[in-house]
2 protein chains.
Amino acid sequence: MAKDRVTVIDIARAAGVSKSTVSLVLQASPLVNETTRAKVNAVIRDLGYVYNRGAANLRQSNSKSKIIGIVVNDLTNSFFAELAVGVDMVVQSAGYVQFLANTAESVDRQREVISSMREHGISGLILSPARGTDANDLKPLVASGIPVVNVVRQVAGAKVSSLISDNHAGMRDAVRHLAGLGHHCIAFLGGFPDTAVFNERLQGYRDALSDMDLALHDELVVSSAPSRAGGVAAIERALLLRERPTAAVCFNDAVAFGVCDGLRAHRLDPGEDFAVIGFDDVIEAQTAVPALTTISVDPQGMGRRAAQLLLKQINAGRADAEAIVSSVRLVVRQSCGAAIDKRERLSLL
Amino acid sequence: MAKDRVTVIDIARAAGVSKSTVSLVLQASPLVNETTRAKVNAVIRDLGYVYNRGAANLRQSNSKSKIIGIVVNDLTNSFFAELAVGVDMVVQSAGYVQFLANTAESVDRQREVISSMREHGISGLILSPARGTDANDLKPLVASGIPVVNVVRQVAGAKVSSLISDNHAGMRDAVRHLAGLGHHCIAFLGGFPDTAVFNERLQGYRDALSDMDLALHDELVVSSAPSRAGGVAAIERALLLRERPTAAVCFNDAVAFGVCDGLRAHRLDPGEDFAVIGFDDVIEAQTAVPALTTISVDPQGMGRRAAQLLLKQINAGRADAEAIVSSVRLVVRQSCGAAIDKRERLSLL
DNA sequence: TGACAAATTTGGAACGTTCCAATTATTTTG
DNA sequence: CAAAATAATTGGAACGTTCCAAATTTGTCA
């Protein structure tokens, strides 16, 4: 097995030029003569040279490493998997490679992986912070001038850019749609109450209810883990309420799928007997049966935009924090059913 | 913003020792006196020093970089997302960090990301090869002595370790179970016929049928994309057959979910009117309604084992290729229904 | 052809670490 | 207490690249 690395010096020797020249052709500099460039490139191929970015990086400590980090709080959630794919797309085509780490909502883990990434010299970081992340956790990073873009969740007080979706407006639109279909008793299911995202969505729910002059009962808000299993649990509890809801907006699509599962377990037909709206529009939402009405967030697009924002900051050398809230739209499919009162619906059309 | 890096020399100066000593404490060497160690560590904290792995790595080119690469063919498939999580778990706790890239089944993309990873000096690679990957694509990598572990799919002729699941036995067990429940007409749904995995599973299906003395009709094998949407399409076609199947084994869980969706669209109740078995046991399989009977592959565990195997090879310096086929087990849940003939089922118990 | 400009090429000196051999400080021992 | 042994520290010289200033080659023009 080829043991010792081929270096720029080996190339130089074999091609009969100096290492400086080889370095120039590696950087595709216009300074070098075409014929020598060709010769050097040929040797590079022949010897199977592989560029050592570590060494290069050491010298030119300014422009950095061509590595970006992305750390998410739950990779098993397909929302984040798709987000990562979106990020990967744009960083890959910009010649970067991504460190991807999963924190599983552990701040400790998060601290570890971020510091490990720093040691490796990432040029930027895309972060979906674990629950309980403090602004101080990001302090050293931003102080060292490494651009950071927060996605999905914000960290109060951190001076970093963020890209989050319009949780308030999305949930408001969902509730309005259900109310427009004639539902009076609408539950809010799933999610952990100690997150900003939860509260933004909840506020959208509340505001829509009061806009539509519907009463707001606290027991209609049932929190749970933001997962399929959590959705099952939440609908179980909701179905036991005195005033039983006829519709629900869910914290996210995973919860919504769980809610559909739970309904079926009770011999209720989601979309017919009970209206369900999700949030995120993950890829399965359109192919599920019934197809899920949901708030489209386009996680992959979000990943792409986050990556673009980050690359912009990296290239700008030093970009100041900007907070982007990306708009969101209701995608009506089958799971929210038709209007309760058909005549009313006809009159609306 | 702190512009210039703090180096080992700055630490040395501030602590009144030599850079060599600082280096020793960084490596937790037993050679250094406890009091100096404490002093140096204090200074390290105070100055906010961050270790430069690139530089370190340059010097000790033998033991490598503490980076492992993982490239998968479809991160949006939760099977691979979970695999990645499993890998992440073990590499993270071994002090490594992972480059994660998604090839979306493109060999070109795959070649690019692998070579990019090489330039960054990965110490090992876990690869779920894109369709059409050739042994030659891996040649230079293995020639340079970097350990590679293939997962999920094998690459014919490549001298690398592999960890794949027992596709043949898994599918065989699934079919036997259905036959045992009294089904005579069992379809095989989903998957691309030009992959090794497909053919191994198909063979398991065929062998089981002939074991059970059931006829084998080619039209009962309906290929499709290995996705939820593909599953919908496959069951659509299967339901049109003259001899309509009463049960199906599916290429994977995603297909199986799609099949359930498609059945419901036809007012058929999966688990009651039609038996469905998946393959993989992704996390949603147990919470779905009906819970999915499936072949458990434990993607996360597979990721963990792949990572362990890789780390073993990395530490061993040079381990020879071993092919592990990991056993697999049938997990019976609701989607495959009860026995067709209840009396027969009672007699079996 | 000589002088000057432009185009190419080239030796070091970095970059931040580790390692080796060598030095100095501290103990132990006969 | 000197000598030997042990513990702790330390200056360079690497590692593979880029960058700078300087050197060399080539081309142009009068």
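Order of the sequence lines fixes the chain letters, A, B, ..., with proteins taken first and strands second; residue numbering starts at 1 for each chain. Only heavy atoms go into these numbers, but all of them, side chains included; no hydrogens, no water, no symmetry mates. If you're wondering where the values come from, they're calculated on a predicted model, not measured in any experiment.
- Atom CG of A/Asn52 sits about 9.5 Å away from atom OG1 of A/Thr7, to the nearest 0.5 Å.
- A pairwise comparison of heavy atoms in A/Arg118 and A/Ser144 identifies NH2-CB, 3.4 Å as the closest pair.
- At a cut-off of 3.5 angstrom, counting only N and O atoms as typed in the model, there is no donor on one side facing an acceptor on the other between the side-chain of B/Arg59 and the base of C/dT17.
- Between the side chain of B/Ser162 and the main chain of B/Asn150, no donor-acceptor pair closer than 3.5 Å is present.
- Of the residues in residues 6-28 of chain A, those lying under 4.0 Å from DNA chain D by heavy-atom distance are A/Thr7, A/Val8, A/Lys19, A/Ser20, A/Ser23, A/Gln27.
- With hydrogens and angles disregarded, no donor-acceptor distance shorter than 3.5 Å links the side chain of A/Asn315 to the backbone of A/Lys312.
- Rounded to an integer number of Å, the gap from A/Arg5 CZ to D/dC15 C1' is 10 Å.
- If you measure from atom CZ of B/Arg37 to atom P of D/dA8, you get 10 Å, rounded to the nearest angstrom.
- Axis angle between the ends of the helix from C/dT1-D/dA30 to C/dG30-D/dC1, five pairs each and rounded to 10 degrees, works out to 40°.
- When the side-chain nitrogen and oxygen atoms of A/Asn52 are compared with OP1 and OP2 of D/dT17, none of them lie within a distance under 4.0 Å.
- With hydrogens and angles ignored, the 3.5 Å screen pairs no side-chain donor or acceptor of A/Asp88 with any backbone N or O of B/Ala101.
- Panel note: side chain A/Asn77, backbone A/Asp74; no donor-acceptor pair is recorded below 3.5 Å.
- When the P atom of D/dC19 is taken as reference, atom CG of A/Leu31 falls 12 Å away, rounded to whole Å.
- Considering only side-chain N and O atoms, B/Gln60 lies under 4.0 angstrom from the phosphate OP1 or OP2 of C/dC19.
- Look at CG on B/Asn33: it is 10 Å from C1' on D/dT9, rounded to the nearest Å.
- Contact record, A/Phe79 with A/Met302: CZ-SD, 4.4 Å, taken as the closest heavy-atom pair.
- A/Leu58 places its CG atom 12 Å from the P atom of C/dT18, with the value rounded to the nearest Å.
- Between A/Arg109 and A/Glu112 there is no salt bridge, since none of the side-chain N atoms of the basic residue sits less than 4.0 Å from a carboxylate O of the acidic one.
- Remark: the backbone N or O of B/Ala38 is not paired with any side-chain donor or acceptor of B/Asn41 at under 3.5 angstrom.
- The nearest whole Å value for the distance from the CD atom in B/Glu34 to the C1' atom in C/dT26 is 16 Å.
- Two residues, B/Thr35 and B/Ala55, neighbour DNA chain D, and the one matched to the more 5' nucleotide by heavy-atom proximity is B/Thr35.
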